[in-house]
Number of protein chains: 2
Amino acid sequence: MQQKHVLIVEDEAPIRDMIRFALERADFSVVEAEDAQSARLAMADHLPDLILLDWMLPGISGAELAREWRRDELTQNVAIIMVTARVDEDDRVRGLNIGADDYVTKPFSSSELIARVRAVLRRSLPGGEDECLEFEGLSLDAASQRVSAGADAVRLGPTEYRLLRFFMSNPERVYSREQMLDRVWGQNVYVEERTVDVHIRRLRKALAPHGFDRFIQTVRGSGYRFSSKSL
Amino acid sequence: MQQKHVLIVEDEAPIRDMIRFALERADFSVVEAEDAQSARLAMADHLPDLILLDWMLPGISGAELAREWRRDELTQNVAIIMVTARVDEDDRVRGLNIGADDYVTKPFSSSELIARVRAVLRRSLPGGEDECLEFEGLSLDAASQRVSAGADAVRLGPTEYRLLRFFMSNPERVYSREQMLDRVWGQNVYVEERTVDVHIRRLRKALAPHGFDRFIQTVRGSGYRFSSKSL
DNA sequence: AACTTGTGTGACATATCCGTGACAGCCTCA
DNA sequence: TGAGGCTGTCACGGATATGTCACACAAGTT
């Protein structure tokens with residue numbers, strides 16, 4: 001994988017340093033900015049692949065900045081992760097509505113940060129926005145978050161949807177329950193591994209009326225695999 | 001998954017014991033150290049995959065130690081989790097700034113500890129390189145954990161799969177039953193050596209319909225060999 | 001040939017893994 | 001406040017894999 005460029009927009013120097021340290025250790029190239037203006041300056045030279053944006057900045061808020069970038073033709077496809085001290089749910093929702101791809105709450109561990117950065121970059125890498133996945137008659141539209149089996153629609157809960165989306169993005173490959181928890185549930189939640197089984201069951205059940213449950217295969221002792229080929 | 005080694009650096013014996021107990025129950029191999037010097041000693045023998053490092057140690061602080069290790073070529077890639085009684089935000093940032101991968105605050109539950117240890121180890125693992133082995137028509141794909149003989153698929157149990165994978169990664173070479181137990185079963189499980197024979201048999205049986213069982217050759221008095229050449 | 005040693009093979013008790021239904025907690029929405 | 005949807009956990013039971021044994025068989029040895 002080619003080295004990725006990350007722009008940090010953060011006014012507090014110690015946190016900036018900590019983030020830079022973590023990112024450079026993980027082999028990212030890092031550019032720093034302490035406010036909106038220096039951020040613009042940094043972007044003029046070279047567009048980053050991802051921006052780590054502090055929620056609170058002197059002058060303009062990070063949220064405003066994000067909204068602005070999303071409107072700009074040039075920057076609208078750059079991934080954004082909001083960094084904030086707030087734990088308020090409303091802010092979180094607002095942040096994501098603005099167009100941030102993910103959201104990290106202080107205090108966070110460096111490995112958590114890296115994991116989220118990697119996850120976002122991985123997600124935004126292929127083509128981008130309105131992802132539309134098709135698999136032998138089973139189709140998933142990311143924009144409308146709809147799944148349809150042939151003609152008729154499939155009704156899925158949020159978790160089942162994300163699970164299926166993950167599977168369809170990564171077919172023909174075995175994933176452990178641990179890996180699935182990482183990539184479908186999120187890196188910072190601790191849930192039992194068997195929970196994966198239950199959701200697999202629920203997804204299979206939803207897909208079964210159309211016969212698509214055969215795509216979800218159990219690999220005993222290892223995990224699960226999404227594949228069109230039979231066992 | 002192979003067993004991981006964890007080094008605990010902690011001066012208080014009861015806490016050390018508690019951590020050791022939790023880790024061993026979760027199938028990690030544990031080495032203890034009570035100060036910087038004994039930590040160095042423990043590392044000299046064998047590098048751990050992860051270090052649980054107490055923030056406060058007699059003499060040198062854990063933070064100093066972490067910084068030192070991060071500078072050392074040999075140890076800089078070993079994951080570090082700081083263990084501390086402090087809840088102060090600044091300390092946390094400072095700890096992560098130093099290069100710790102995560103941070104656990106006393107008191108902590110053993111399940112939380114295990115979760116964090118697992119999370120950190122998982123993240124520091126090298127990305128999944130897609131191993132794909134081929135051998136005269138017999139092919140094994142590590143990503144999908146599939147084995148196929150020519151056109152049709154071969155159905156294997158977990159142990160047979162690992163065994164075949166081991167063979168195909170190390171062809172043309174004789175291995176004793178003991179070596180095979182080490183590398184396929186794991187280094188510290190005790191099973192009878194004859195068990196290898198039984199699994200060899202099962203693997204041969206699965207490969208036989210396609211004629212590929214001839215690759216698994218018995219070397220009387222020594223062990224087995226995987227080879228395309230006959231005898 | 002008899003004996004010794006090493007390996008193939010089928011059977012079997014057990015351990016392990018996974019599918020499944022049930023359930024309580026938590027949301028949201030009316 | 002209650003209904004209804006979603007989530008994570010658990011316990012049970014069935015399916016499958018595992019390790020060990022006993023015995024058959026083969027290859028050397030005396």
Side-chain angles (χ1 to χ4, degrees), chain A residues 88-90 92-93 145 147 154-166 174-178 180-182 184-186 188-208 213-226 231, chain B residues 1 25-27 109 111-112 114-115 145 147 154-166 174-182 184-186 188-209 213-226 231:
Chain A
D88 192 39
E89 175 78 11
D90 286 349
R92 185 191 170 99
V93 172
Q145 297 212 355
V147 177
V154 180
R155 209 179 125 72
L156 294 177
T159 307
E160 281 75 53
Y161 170 78
R162 269 179 292 136
L163 188 54
L164 180 60
R165 183 187 148 99
F166 166 70
V174 177
Y175 290 95
S176 71
R177 292 167 174 75
E178 208 173 3
M180 294 169 70
L181 285 176
D182 255 14
V184 177
W185 273 255
N188 45 0
V189 283
Y190 181 66
V191 289
E192 293 291 326
E193 292 199 345
R194 290 296 254 106
T195 300
V196 175
D197 296 317
V198 178
H199 282 275
I200 287 282
R201 163 112 206 327
R202 288 167 180 161
L203 182 53
R204 274 176 174 155
K205 198 182 226 171
L207 258 34
D213 56 331
R214 69 192 181 86
F215 287 170
I216 301 171
Q217 302 169 351
T218 305
V219 181
R220 184 177 238 265
S222 296
Y224 295 94
R225 171 180 52 203
F226 188 80
L231 223 161
Chain B
M1 173 121 63
R25 238 170 72 80
D27 200 34
S109 71
S111 64
E112 181 191 347
I114 298 300
Q145 294 204 11
V147 178
V154 179
R155 209 185 133 76
L156 295 177
T159 307
E160 282 75 52
Y161 171 78
R162 267 179 290 137
L163 188 54
L164 179 60
R165 187 182 141 100
F166 167 71
V174 180
Y175 289 95
S176 71
R177 292 170 175 74
E178 195 179 354
Q179 287 174 309
M180 295 171 68
L181 284 175
D182 267 7
V184 177
W185 272 254
N188 41 4
V189 266
Y190 182 66
V191 288
E192 294 290 328
E193 291 201 344
R194 290 304 309 278
T195 300
V196 175
D197 296 0
V198 177
H199 281 276
I200 287 283
R201 160 113 210 317
R202 287 168 180 160
L203 182 53
R204 276 175 172 156
K205 197 183 228 170
L207 259 33
D213 56 332
R214 68 194 176 87
F215 288 169
I216 301 171
Q217 302 167 354
T218 305
V219 182
R220 189 183 168 85
S222 298
Y224 296 94
R225 170 180 50 204
F226 187 80
L231 167 46

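A note on names: the letters A, B, ... follow the listed sequences, proteins ahead of strands, and every chain is numbered from 1. Being a predicted model, the structure only gives us computed values, none of them experimental.
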Would you kindly say whether T218(A) and R204(A) are connected by a side-chain donor-acceptor distance under 3.5 Å? yes
Sub-6.0 Å ring centroid separation between Y175(A) and F166(A): yes
Is a donor-acceptor contact shorter than 3.5 angstrom present between the side chain of R194(B) and the base of dG6(C)? no
Please determine if a side-chain N or O atom of R220(B) lies less than 4.0 Å away from the OP1 or OP2 oxygen of dT5(C). no
In whole angstrom, give the distance that lies between atom CG of D213(B) and atom C1' of dG8(C). 13 Å
Just how far, in rounded Å, is P of dA26(D) from CD of Q217(B)? 19 Å
side-chain N/O Y224(A) vs dG19(C) OP1/OP2, d < 4.0 Å: yes
Starting from P on dG10(C), measure out to CZ on R204(B) and report it in whole angstrom. 13 Å
Ignoring hydrogens and angles, are the base of dG19(D) and the side chain of R202(B) linked by a donor-acceptor pair under 3.5 Å? yes
Consider the side chain of T218(B), meaning its heavy atoms from C-beta on, and name the nucleotide among dC18(C), dT7(C), dT18(D) that approaches it most closely. dT7(C)
Ion pair present between K205(A) and D213(A), side-chain N to carboxylate O less than 4.0 angstrom? no
If you compare every side-chain N and O of T159(B) against the phosphate oxygens of dA17(D) (OP1, OP2), does one of them come in below 4.0 Å? no
How long is the line joining CD of E192(A) and C1' of dA11(D), in whole Å? 13 Å
Heavy atoms of other groups near E193(B) CD, more than 12 under 6.0 Å: yes
Atom CG of L156(A) and atom C1' of dG5(D): how far apart are they, to the nearest Å? 14 Å
